Structures are given as structure tokens and as C-alpha cells.
Student: 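Sharing a structure with you now.
Reminder, nothing fancy here: chain letters follow the sequence lines and each chain counts from 1. Remember, it's a predicted structure, so these values are computed and weren't measured experimentally.
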Amino acid sequence: MKARVVVTLKNGVLDPQGNAIEGALDALSFQGIQSVRQGKVFDVELDTDDADEARKTLTAICEKLLANTVIEDFEINL
Amino acid sequence: MKSAVLIFPGSNRDRDIIRALEVVSGQKPALVWHQETTIPDVDLIVLPGGFSYGDYLRAGAIAARSPVMSDLQRHADRGTRILGVCNGFQILTEAGLLPGSLMRNAGLNFVCKTVQLEASNANTVFSRQYQQGEIFDCPVAHHDGNYFADARTLDALEANNRVVFRYANGTNPNGSLNDIAGIMNETGTVMGMMPHPENLIEELHGGVSGRGVFTSLLEAA
């Protein structure tokens, strides 16, 4: 089964890269952009077809490696 | 003082650390490759600067999960002194041996220059050769040195004098909270710092103000 994991900075954590992108969008004259936060996407293929098992494995993977839970949140999409 | 230097693929300040340890202690450190599972019994283990695994995923994240780290944890539990410089600091936070995280510099630039540090706590095995509050020059060279921790962690660090070095006189180069440049663990045996004291230990470097970190450790050994 295929899964997509999205890792984003927690609310309140400064995102200088997101701020720089906002600045670039402004330079490109895009209007109406309130804010940009940069994150990471991981596409993971698993042996199992069991959603519960996949979610359990992916949660462990996120907590141990893919996300630094001091500064980041993660979301698992199956 | 017996010491060991851990080397990861992408470490590039390892020779600087090796040289500093040799000059100050008169003994060559043992070199331990990241895939080894045993670190020899030494007084001090150093994680050097560099870009382990090309900073993939997050700076220090992959190195922190490498085979040598379980023995580093064992040494940490026994109270062996552990120093992480720059990427070494990032690895120690990723490994959970130090709290918080080093994020992308607030100004987004890679900073490579000399800053001023204040010895915020000169009563540690890493800083006892400095005077309390002493301000000295130290080089920095990093892209991800912006220290972040939640409010409760920061309060605990400050309340227990675990901030060893702080950027002084407005020279904070990266946006670190509370101007934090170096912190230690609860027991004062593990320290991480972003600046490079190993690059100011001989007159040829243009100064010796970084030497105190190593002479402090030598005295404590």
C-alpha cells in the first residue's frame, strides 16, 4: 500500500524559508498571499494492505526519524 | 586525557578537533567510524563539525541514528564527557542527548565569521578555564544553528544554568533563542555548541581564545 506523509513545522515555530518564499512571491507581484509555511512530503510504499498496521508503522517511523517532534508535526495519508 | 572522535560520512572538522586535542592534551584521540559499535573507554568523546550525510532530512538526523550512537548513549549514561561542536551539536539534539533543536538560520544565510561568546556558566567541566561572564572571540560556520526549544525547556535550561555559552554584544548570527550558543545536559557531562573553539587554539589561528574549552576538559579529566 502507498502512503503519503506530510511533515510541517509546528505553529509558532519560525520558518525563515517560508518567509523567504513569501518575499519572493511578493517580488513576483502575486497578490493576496497571507503566509507560506514550508514542509516536507514523503511517499512511502509498504508491504501491508492493512490500513491500521500501516498507520501504526508510519507513526513509529515519523516519531523515530521523519519528523523532529520538538519542532515538527506530521500527518499520515493512506 | 584520553579522547575519541566520532567520524561520520560528511564530517569535515574532524581534523581540526583531532589537532586541538593533540595540541592541548599531548595525546592523539582514538578515531571511531560511525559504523563501529564500540567506543573505547576514554575521558572525552567529541562529535566534530561538518555535514554528516549532507544534512539530508535534517542536519544531524541520519547520523543520530547510526550504529555508533547506541554506544554513545551507554557512555552518556555512565557520565563520560561528550562534546558536540556544530554538526556534533545538531547530532546530539537529534539523538535526544541534549534538548531542543537547531533550525535554519533566521537570516537564511550560511554564516562564516567570528562572533563573541560569553561564558554564561564558567562552573562546568567545559568552561572552567573562562571567567564567569568572560567575553571572547570564537568562529562560527553553519547554516542551521538557530537554537529552538519550547518555553518550558528554555526555562529549565536557564533555571539550572545549563546555558554554557551565549552570543554576546549583539553578535547572535542565527536567531537562536536567548542568544544560546552552547548548552549542557542535566548532569553537566554532555555539551553541544555551534561555534568552533577548535579553530582558535594556536597563535597561527590568529588567537587562542577557544583553547579554554579543551584546557577545561583536560583539567577535569
Student: Where does Lys64(A) contact chain B at under 4.5 Å (heavy atoms): side chain, backbone, both or neither?
Tutor: backbone
Student: Heavy atoms only: give me the nearest Met103(B)-Val13(A) pair and the separation to one decimal.
Tutor: CE-CG1, 3.3 Å
Student: Need one label for Arg104(B): side chain, backbone, both or neither, based on atoms under 4.5 Å from any heavy atom in chain A.
Tutor: both
Student: Check each atom of Asn105(B) against the heavy atoms of chain A and say whether the ones under 4.5 Å are side chain, backbone, both or neither.
Tutor: backbone
Student: Please classify the contact of Gln17(A) with chain B as side chain, backbone, both or neither, using a heavy-atom distance under 4.5 Å.
Tutor: both
Student: Should we say atom CZ of Arg152(B) is surrounded by more than 12 heavy atoms from elsewhere, each under 6.0 Å from it?
Tutor: no
Student: So with a 6.0 Å cut-off around CG of Asn77(A), is the heavy-atom count from everything else above 12?
Tutor: yes
Student: Check whether any side-chain heavy atom of Asp150(B) lies under 4.5 Å from a side-chain heavy atom of Val70(A), and answer yes or no.
Tutor: no
Student: Please find the pair of heavy atoms, one from Glu94(B) and one from Asn68(A), that lie closest to each other, and give the distance.
Tutor: OE2-ND2, 3.3 Å
Student: Kindly check if the number of other-residue, nucleotide or ligand heavy atoms within 6.0 Å of CZ (Phe110(B)) is above 12?
Tutor: yes
Student: Determine the minimum heavy-atom distance between Ala106(B) and Leu14(A), stating which atoms define it.
Tutor: CB-CD2, 4.0 Å
Student: So with a 6.0 Å cut-off around CZ of Arg74(B), is the heavy-atom count from everything else above 12?
Tutor: yes
Student: Please determine whether the number of non-hydrogen atoms from other residues, nucleotides or ligands lying under 6.0 Å from atom CG of Asp77(B) exceeds 12.
Tutor: yes
Student: For the candidates Ala149(B), Gly107(B), Ser101(B), Pro99(B), which exhibits the highest count of non-hydrogen atom pairs separated by less than 4.5 Å from chain A?
Tutor: Ser101(B)
Student: Does atom CG of Asn123(B) have more than 12 heavy-atom neighbours, drawn from other residues, nucleotides or ligands, at distances under 6.0 Å?
Tutor: no
Student: Given that the side chain runs from C-beta out, which part of Leu9(A) has a heavy atom under 4.5 Å from chain B: side chain, backbone, both or neither?
Tutor: side chain
Student: When you look at CZ of Arg4(A), are more than 12 heavy atoms from neighbouring residues, nucleotides or ligands closer to it than 6.0 Å?
Tutor: no
